[in-house]
Amino acid sequence: MGCNTAFDAFNRNIVLVVLGFILVVCCVNISLTHDSTPSSSSSSSEANKEQTRGESQGGLQNVSSVTNSVLQDQSKGQLFYNCSKTDSSRWSNRPHRKSRVNSLFNCDKEDAFCEYYYPANFFDTECGLGKEFSYHIDDAKAKKLNGTLWNFMPSIGFPTLTMNDTCLELTTKSLSNQVHFLENNFKIGEFTTLHNIGHYEENGFRCFTERLSFLHVHKAGGSSLHSAFNFMSSSKTSALARHKFFTPSTKPFAPKESSRIVQPNNSMINLTLDSLSHATRYPDKIFDEKQHIIFAVVRDPTERFISSIGQALGAVGSGGNHIAPTLKQACIKETSAETLKCLAHYVRDHGFWIELHFTPQVIDISFTTMWQDVPVAVFPFKHLKTILSHFGREDVKVRDGSNENYRSHPVLTEMSVKDYDEESLQLVCEIYEMDVRMQRSLGFEVPRCDPFIPR
């Protein structure tokens, strides 16, 4: 009896061990089957990778074809965190392959000098970091409609530069006319699909294949960058398109006299909107026919305000803005510091709309991109010379406020950030709080404003 009981217990143990072994084998098999699924269709997977490597119009990829190598941008993208993932249509939330292309304008690179900025996110009325400033967009639209926006000021738009193996001779800083193109009577077109994108250097040349659009943020090196674009466009392997969609009025009139408002160029507006719809973050393989990278340079607002003062008070190129005499009469004082403080009060009290160069940089960018949801590669001002040098134009400085005859009065020529005191500095930081917030969101510090603009 005792032997039978022991034998039964032994059998039960054997059965349990066998069942346990079977269970383990089944689990391992299921795991191996699951893990092996992608490799069993590796050729299909590789095809999908190739398909997703090129981005569709506007840079939006087909979500169904996104593979493990396509990374979702989880950045806040100028949105408060609790809103950053609620709308998949936002540019900042679209699937995007981090580009490996060698280009100064590829913000995906680990050593990039730029960061992607999303102007539509910033001014989003519910989620944007600058949502309490969004009423300025309504102001701009109303002023544009009634013909009182930036009258007597420069036209607004952006150039787009297409380069297809456009080469710069690094010693002479001259453009090379490549023989293999010229022999075939090659002429680059504005809407050309670009392959082998980015830039490379060899045999004393730096060569570019990319399509770039430049936003002119006023008093942040814009005129010098325009000069660089014009220079690069002189090559037979490049093409320049201009999207100048807004021309302010050059005649004084009452807002109700709508018949005297400059009529919009609808064809140019439509062309510009179409161009903006094809803006993208840097692609990984090709630029489609209309795809382009939009970039801009932004500046510490406390430094920029001094440059804006010099321009608005009648510097070279702004003598006809019609407000310079008023500003000079009101605020030119014995010293640069007194003049600076007076103008800080004047802009605070009368609003930055009084002169284009006082416009906050975030509004400058949003207006020039026609309030569209687009990605913008933004560089801090300290890298302006890097960009100019990239195109062989490091010695170009179109607007130089330190030149003796550039600004309209000696106290303006002598003005610098050393002329700020606590009162004037606080005024300027508060006027341009939206710029401070935007630049902080990109990791660009504005230390002079830290005591006045809370984080």
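Remember, predicted model here, so these are calculated numbers, not experimental data.
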Visitor: Between the side chain of Y117 and the main-chain N/O of F295, is any donor-acceptor distance below 3.5 Å?
Guide: no

Visitor: Ignoring hydrogens and geometry, is there a side-chain-to-backbone donor-acceptor pair from H243 to F158 under 3.5 Å?
Guide: yes

Visitor: Indicate the atoms forming the closest heavy-atom contact of V446 with P301, along with that distance.
Guide: CG1-CD, 3.8 Å

Visitor: Which salt bridge (Lys or Arg N to Asp or Glu O under 4.0 Å) pairs, counting each pair once, include a residue from residues 372-385, with sequence neighbours left out?
Guide: none

Visitor: Could you grab the distance from atom CG of L313 to atom OG1 of T339, nearest 0.5 Å is fine?
Guide: 8.5 Å

Visitor: Might you work through the salt bridge (charged side-chain N to carboxylate O under 4.0 Å, His left out) test for E394 and K173, ending with a clear yes or no?
Guide: CA-CA 10 Å; E394 60 266 32; K173 307 298 183 184; 3.5 Å; yes

Visitor: So, do H136 and F123 have ring centers that fall under 6.0 Å from each other?
Guide: no

Visitor: Here's a test for you: under side chain to side chain contact (heavy atoms under 4.5 Å, CB included), which of V376, L215, T368 qualifies with P119?
Guide: V376

Visitor: Any side-chain heavy atom of R437 within less than 4.5 Å of one from E132?
Guide: yes

Visitor: Say whether, by atom type as modelled, one donor and one acceptor occur between the side chain of N270 and the main chain of S267 under 3.5 angstrom.
Guide: no

Visitor: To the nearest 0.5 Å, how far apart are CG in N265 and CG in L271?
Guide: 9.0 Å

Visitor: Indicate whether any N or O donor in one side chain lies under 3.5 Å from an N or O acceptor in the other, for S424 and D421.
Guide: yes

Visitor: Quick one: which residue pairs count as a salt bridge (Lys or Arg N to Asp or Glu O under 4.0 Å) with a foot in residues 265-278, not counting sequence neighbours?
Guide: D274-K290

Visitor: Excluding sequence neighbours, so at least two apart, what forms side-chain hydrogen bond (donor to acceptor under 3.5 Å, both in side chains) with D300?
Guide: T302, R448

Visitor: Is there a side-chain contact (heavy atoms from CB on, under 4.5 Å) between E115 and V378 once you walk through the steps?
Guide: CA-CA 5 Å; E115 296 288 343; V378 173; 5.7 Å; no

Visitor: Report yes if the side chains of H292 and S275 come closer than 4.5 Å at any heavy-atom pair, otherwise no.
Guide: yes

Visitor: Any donor-acceptor pair under 3.5 Å linking the side chain of T209 with the backbone of D165?
Guide: yes

Visitor: Can you see which heavy atom on I323 is nearest to which on A312, and at what distance?
Guide: CG2-O, 4.3 Å

Visitor: Determine, using ring centers only, whether F205 and Y200 are less than 6.0 Å apart.
Guide: no

Visitor: Classify the side-chain pair E338/T335 by whether it contains a donor and acceptor separated by less than 3.5 Å.
Guide: yes

Visitor: Measure from the side-chain N and O atoms of S103 to the backbone N and O of H199, and report whether any donor-acceptor pair falls under 3.5 Å.
Guide: no

Visitor: Does a side-chain heavy-atom distance below 4.5 Å link V428 with Y420?
Guide: yes

Visitor: Kindly indicate whether the side chain of S366, heavy atoms from C-beta on, has any atom under 4.5 Å from the side chain of F122.
Guide: no

Visitor: Quick check: do V362 and V298 have side-chain heavy atoms less than 4.5 Å from each other?
Guide: no

Visitor: So that I can tick it off, tell me whether E445 and R455 are bridged by a salt bridge, with the cut-off set at under 4.0 angstrom between side-chain N and carboxylate O.
Guide: yes

Visitor: Are any of the side-chain heavy atoms of L225 and H216 separated by less than 4.5 Å?
Guide: no

Visitor: Would the distance check show the side chain of S235 and the main-chain N or O of M232 forming a donor-acceptor pair, the cut-off being under 3.5 Å?
Guide: no

Visitor: Tell me whether S336 contacts the main-chain N or O of V411 through its side chain, where contact means a donor paired with an acceptor under 3.5 Å.
Guide: yes

Visitor: Indicate whether any N or O donor in one side chain lies under 3.5 Å from an N or O acceptor in the other, for H322 and N151.
Guide: no

Visitor: If you compare all heavy atoms of A324 against all heavy atoms of G314, which two are closest, and at what distance to 0.1 Å?
Guide: CB-N, 3.6 Å

Visitor: Kindly give the heavy-atom pair with the smallest separation between K219 and S308, and that separation in Å.
Guide: CG-OG, 3.6 Å

Visitor: Between R100 and D284, does any side-chain N to carboxylate O distance fall below 4.0 Å?
Guide: yes

Visitor: Looking only at the side chains, is there a donor atom on one of H96 and D108 sitting less than 3.5 Å from an acceptor on the other?
Guide: yes

Visitor: Would you indicate whether the side-chain heavy atoms of T280 and R211 approach each other to under 4.5 Å?
Guide: no

Visitor: Using only atom types and a distance under 3.5 Å, with no angle test, would you say the side chain of S134 pairs donor to acceptor with the backbone of D124?
Guide: no

Visitor: How far apart are the C-alpha atoms of H218 and D364, what are their side-chain angles, what is the distance that settles it, and do they pass the side chain to side chain donor-acceptor pair (under 3.5 Å) test?
Guide: CA-CA 8 Å; H218 294 87; D364 218 343; 3.0 Å; yes

Visitor: Going through the distances and angles, do F305 and V417 end up as a side-chain contact (heavy atoms from CB on, under 4.5 Å)?
Guide: CA-CA 9 Å; F305 185 67; V417 293; over 6 Å; no

Visitor: For S155, does its backbone N or O pair with a side-chain atom of T247 as donor and acceptor, under 3.5 Å?
Guide: no

Visitor: Yes or no on side-chain contact (heavy atoms from CB on, under 4.5 Å) for D419 and K341, after CA distance, side-chain angles and deciding distance?
Guide: CA-CA 9 Å; D419 291 310; K341 182 180 294 187; over 6 Å; no

Visitor: Apply side-chain contact (heavy atoms from CB on, under 4.5 Å) to Q361 and Y432, showing your working.
Guide: CA-CA 8 Å; Q361 296 166 87; Y432 297 104; over 6 Å; no

Visitor: Please check if atom CG in N102 has more than 12 non-hydrogen atoms from other residues, nucleotides or ligands closer than 6.0 Å.
Guide: yes

Visitor: Could you check whether any side-chain heavy atom of L327 comes within less than 4.5 Å of a side-chain heavy atom of I309, counting everything from C-beta outward?
Guide: no

Visitor: Verify the ring-centre separation between F391 and F208: is it less than 6.0 angstrom?
Guide: yes

Visitor: Can you name the nearest heavy-atom pair linking A220 to V297, along with the distance?
Guide: CB-O, 3.5 Å

Visitor: What is the distance from atom OG of S174 to atom CG of L168, rounded to the nearest 0.5 Å?
Guide: 7.0 Å

Visitor: Determine the sole option in H357, Q311, E355 for which the side chain to side chain donor-acceptor pair (under 3.5 Å) test with N321 is passed.
Guide: E355

Visitor: Looking at CG of D435 and CZ of F133, how far apart are the two atoms once the value is rounded to the nearest 0.5 Å?
Guide: 9.5 Å

Visitor: Using 0.5 Å steps for rounding, measure from the SG atom of C114 to the CG atom of N106.
Guide: 7.0 Å

Visitor: Which residue in the set Y116, F105, F287 passes ring-ring contact (aromatic ring centres under 6.0 Å, His included) when paired with Y282?
Guide: F287

Visitor: Just by modelled atom types, is the R299 backbone N or O under 3.5 Å from a matching donor or acceptor in the Q439 side chain?
Guide: yes

Visitor: Can a cation-pi geometry be assigned to R90 and Y118, taking NZ or CZ under 6.0 Å from the six-membered ring centre and within 45° of the ring axis?
Guide: no

Visitor: For a quick test of reading the model, state the closest non-hydrogen atom pair linking A377 to C107 and the distance between them.
Guide: CB-SG, 3.4 Å

Visitor: What distance separates F231 CZ from R393 CZ, expressed to the nearest 0.5 Å?
Guide: 5.0 Å

